[in-house]
> 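Take a look at this one; I'll ask things after.
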Amino acid sequence: MLLVRMKFLQLLFRKPRKLEMLFQVPFCQKQFPYMCLATSACLYSKKKKVNSYEQVDQEKYKNLVYSVTSYKTSAQTPETIFEEDNLLYGPPSKHRPPIKAQTKTPKNWVPLINPNKRIPLLNSDSDVPRKIALQKNKMPSVTRILQQTLSPQQAFYLERWRQKMILELGKDGFEEYTKNLFLQGELFHTALESIFLSEEMAAKEQREDVAISGYLSSVQHVLEDVSEVQALESAVQHETLQYLGLVDCVAKYRGQLCVIDWKTSEKPKPTLKNTFDNPLQVAAYIGAINHDANYDFQVSCGLIVVAYKNGSPAHPHFMDPNLCSQYWNKWLLRLEEYMDRN
DNA sequence: GGATCCTTCTTCTTCTTC
C-alpha cells in the first residue's frame with residue numbers, strides 16, 4: 001500500500017501537468033471528473049464509509065463485488081481509497097474543486113422532497129399498485145428533456161456510434177437492429193409487470209419467450225429483494241416544474257421505497273456511471289412523484305437495474321437519498337436548459 | 001380508428017510502469 005502511494009506521489013511530482021489536468025477541466029467536460037473525484041473524496045466523507053455494494057448479496061456475488069471494488073491485483077476497497085484520498089488530498093472540505101463548478105446551481109431550485117406533502121398516518125395498504133393514466137397536455141417529458149439536452153460529447157459519441165453501425169449494417173439493417181432492441185426492452189417491461197401483478201399465466205408464457213427469458217433470469221436475484229409494489233408504468237407529473245413522465249415501478253428494494261428503472265443492455269454496466277443519464281431520469285421521476293397529488297407517499301431512493309440477455313446476474317445500482325439529491329440538481333440544470341431553449 | 005405521446009435502446013475519459 002505504501003509503495004503504491006509513493007509511486008503515485010512520484011508521478012504527481014514528475015508530471016505536474018497531469019495534476020493540473022485533473023483539476024482544470026475544460027468547461028464542456030465538467031461533470032465527469034467531479035463525479036469521479038467526488039465519489040471517493042467528497043460525497044462519502046462525512047457519512048459513514050459506505051460500500052455501495054453492501055446492498056449486494058455478499059455471499060453470492062463476492063467475486064463480482066471484489067472485481068468491481070478492487071483495481072487489478074491491489075487490495076483496495078472503498079475504505080482504503082477513502083483513506084488514501086484523505087492522506088493525499090487532505091480533508092475534503094479544504095480541497096474542493098474550483099468554486100465555479102460548485103456554484104452552478106439551478107436558478108429555480110426546488111427541493112427533491114416535498115415539504116408540504118401530507119401523508120396519511122395509516123399506510124393505505126391496498127393490494128393493487130396504482131396506475132395513473134397519462135394526461136393529455138403539453139408538458140415535456142423526462143426522456144424528451146434528457147434527449148434534447150445531451151452534452152456535445154454525448155451527442156458526438158452517439159452520432160459516431162450510429163454512423164459506424166450504419167456502415168456495418170446498412171441503413172435498413174440498423175433500423176431493424178434498433179427496432180429489436182426497443183422491442184426487447186418493451187417485452188421485458190411487460191413481463192415484469194405481469195410478474196408484479198401476479199398474472200401467473202402471462203408471466204409463465206413470458207418466461208418461456210426466448211427473446212426475454214435471459215433478461216428475466218438475469219434479474220431473478222434482484223426480484224427477490226423487491227416487495228410492496230406501489231405503482232407500475234404510472235404517469236407522474238411535477239406540478240411546480242411542469243414536466244411529466246412514466247415511471248416503471250415504485251416498490252421497496254431491501255426495505256427502502258424506490259423508483260425502480262429496469263433496463264436491458266447489450267454491454268455490461270457494472271457501475272452507475274456506465275448508465276449515462278439514467279440516474280437523472282430516476283431523480284426526475286422521484287421529484288415528480290413527490291410533487292404529484294396522485295401519490296400519497298414520498299420517495300427518496302432510486303434503483304437502476306441493468307439486465308443482460310445472456311442471463312448473467314443483473315447489476316442493481318442503488319441510489320441513496322444523498323445520491324438522489326445530487327442527481328436531482330443535475331436534472332434541474334438539464335430541465336432549465338430545456339426550458340431556456342423552448 | 002387514427003394520431004400523438006412516453007418509453008423502449010444506443011456513447012465512455014487511457015496507457016508508457018515493473
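Given the structure is predicted, the values throughout are model-derived calculations rather than measurements. The sequence lines fix the lettering, A, B, ..., with proteins before strands; numbering per chain opens at 1.
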> Output yes when at least one side-chain N/O atom of K263(A) is less than 4.0 Å from OP1 or OP2 of dT8(B), else no.
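So the side chain of K263(A) is within the cut-off, an N or O lying under 4.0 Å from OP1 or OP2 of dT8(B).
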> Whole angstroms only, please: what is the CD-C1' distance between Q153(A) and dT11(B)?
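About 11 Å, once rounded to whole Å.
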> Among dT10(B), dC6(B), dT8(B), find the nucleotide with the atom closest to the side chain of E266(A).
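That would be dT10(B).
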> Can a side chain N or O of K269(A) be found less than 4.0 Å away from OP1 or OP2 on dT10(B)?
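So the side chain of K269(A) is within the cut-off, an N or O lying under 4.0 Å from OP1 or OP2 of dT10(B).
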> Does the side chain of T271(A) come under 3.5 Å of the side chain of N274(A) through a donor N or O and an acceptor N or O?
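Judged by distance alone, the side chains do pair up.
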> Can you tell which of dC12(B), dT7(B), dT10(B) lies closest to the side chain of K267(A)?
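In terms of side-chain proximity for K267(A), the closest of dC12(B), dT7(B), dT10(B) is dC12(B).
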> Just compare dC12(B), dT10(B), dC6(B) and give me whichever is closest to any side-chain atom of R144(A).
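The answer is dC6(B), which lies nearest to the side chain.
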> Can you check whether Y243(A) has a side-chain N or O nearer than 4.0 Å to OP1 or OP2 of dC6(B)?
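The answer is no; no side-chain N or O of Y243(A) sits under 4.0 Å from OP1 or OP2.
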> What orientation do H315(A) and H317(A) show, parallel under 30°, tilted 30 to 60°, or perpendicular over 60°?
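H315(A) vs H317(A) ring planes: parallel.
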> Taking the minimum atom-to-atom distance to the side chain of R160(A), which one of dC12(B), dT10(B), dT7(B) wins?
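Given the options dC12(B), dT10(B), dT7(B), the side chain of R160(A) is closest to dC12(B).
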> Verify the stacking flag for F276(A) against dT11(B): centroid separation must be under 5.5 angstrom and the ring planes must differ by under 30 degrees.
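Given the distance and angle limits, yes, they stack.
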> Please give, in whole Å, the distance from dT11(B) C1' to Y157(A) OH?
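Going from Y157(A) (OH) to dT11(B) (C1'), I get 8 Å.
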> With sequence neighbours excluded, tell me which residues meet side chain to side chain contact (heavy atoms under 4.5 Å, CB included) with S194(A).
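Checked S194(A) against side chain to side chain contact (heavy atoms under 4.5 Å, CB included); matches are E199(A), A202(A), A203(A), Q206(A).
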> At 4.0 Å (heavy atoms only), tell me whether N180(A) reaches a base, stays on the sugar-phosphate, or touches nothing.
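Contact class for N180(A): none.
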> Looking at E159(A) and R162(A), is any side-chain nitrogen of the basic one under 4.0 Å from a carboxylate oxygen of the acidic one?
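Yes.
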> Could you list the donor-acceptor pairs under 3.5 angstrom formed by side chains in residues 169-182 of chain A, with sequence neighbours left out?
from: T178(A); atom 1: OG1; to: F174(A); atom 2: O; distance (Å): 2.9
from: T178(A); atom 1: OG1; to: E175(A); atom 2: O; distance (Å): 3.0

> E176(A) has an atom CD; how far is it from atom P of dT10(B), in whole Å?
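After rounding, the gap between these two atoms is 17 Å.
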> For the side chain of S141(A), starting at C-beta, report the closest nucleotide among dC6(B), dT8(B), dT10(B).
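Ranking dC6(B), dT8(B), dT10(B) by closest atom to the S141(A) side chain puts dC6(B) first.
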> Remember a base hit wins even if backbone is also touched, and classify D277(A) as base, sugar-phosphate or nothing at under 4.0 Å, heavy atoms.
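D277(A): no heavy atom of the nucleic acid under 4.0 Å.
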> Of the candidate nucleotides dC12(B), dT10(B), dT8(B), which contains the atom at the shortest distance from the side chain of Q281(A)?
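Of the options given, the side chain of Q281(A) lies nearest dT8(B).
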> Any link between Y157(A) and L150(A) through a network of hydrophobic side chains (Ile, Leu, Val, Met, Phe, Trp, Tyr) touching at under 4.5 Å?
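Unlinked, Y157(A) and L150(A) end up in two clusters.
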> To the nearest Å, how far apart are F182(A) CZ and dT8(B) P?
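Taking atom P of dT8(B) as the reference, CZ of F182(A) is at 10 Å.
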> 5'-most contact on DNA chain B: Q184(A) or K164(A), nearest heavy atom basis?
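Here Q184(A) is the residue nearer the 5' end.
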> Taking the side chain of W161(A) as heavy atoms from C-beta outward, which of dC9(B), dT11(B), dC6(B) is closest to it?
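Of the options given, the side chain of W161(A) lies nearest dT11(B).
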> Nearest whole angstrom, please: distance from the C1' of dT8(B) to the CD1 of I304(A).
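Going from I304(A) (CD1) to dT8(B) (C1'), I get 15 Å.
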> Go through dC6(B), dC12(B), dT8(B) for me and flag the one nearest to the N274(A) side chain.
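The closest nucleotide is dC12(B).
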> Between A155(A) and G185(A), which is nearer to the 5' end of DNA chain B once each is assigned its nearest nucleotide?
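Looking at DNA chain B, the more 5' nearest nucleotide goes with G185(A).
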> Side chain of H189(A) only, heavy atoms from C-beta on: which candidate in dC9(B), dC12(B), dC6(B) is closest?
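Selected nucleotide: dC9(B).
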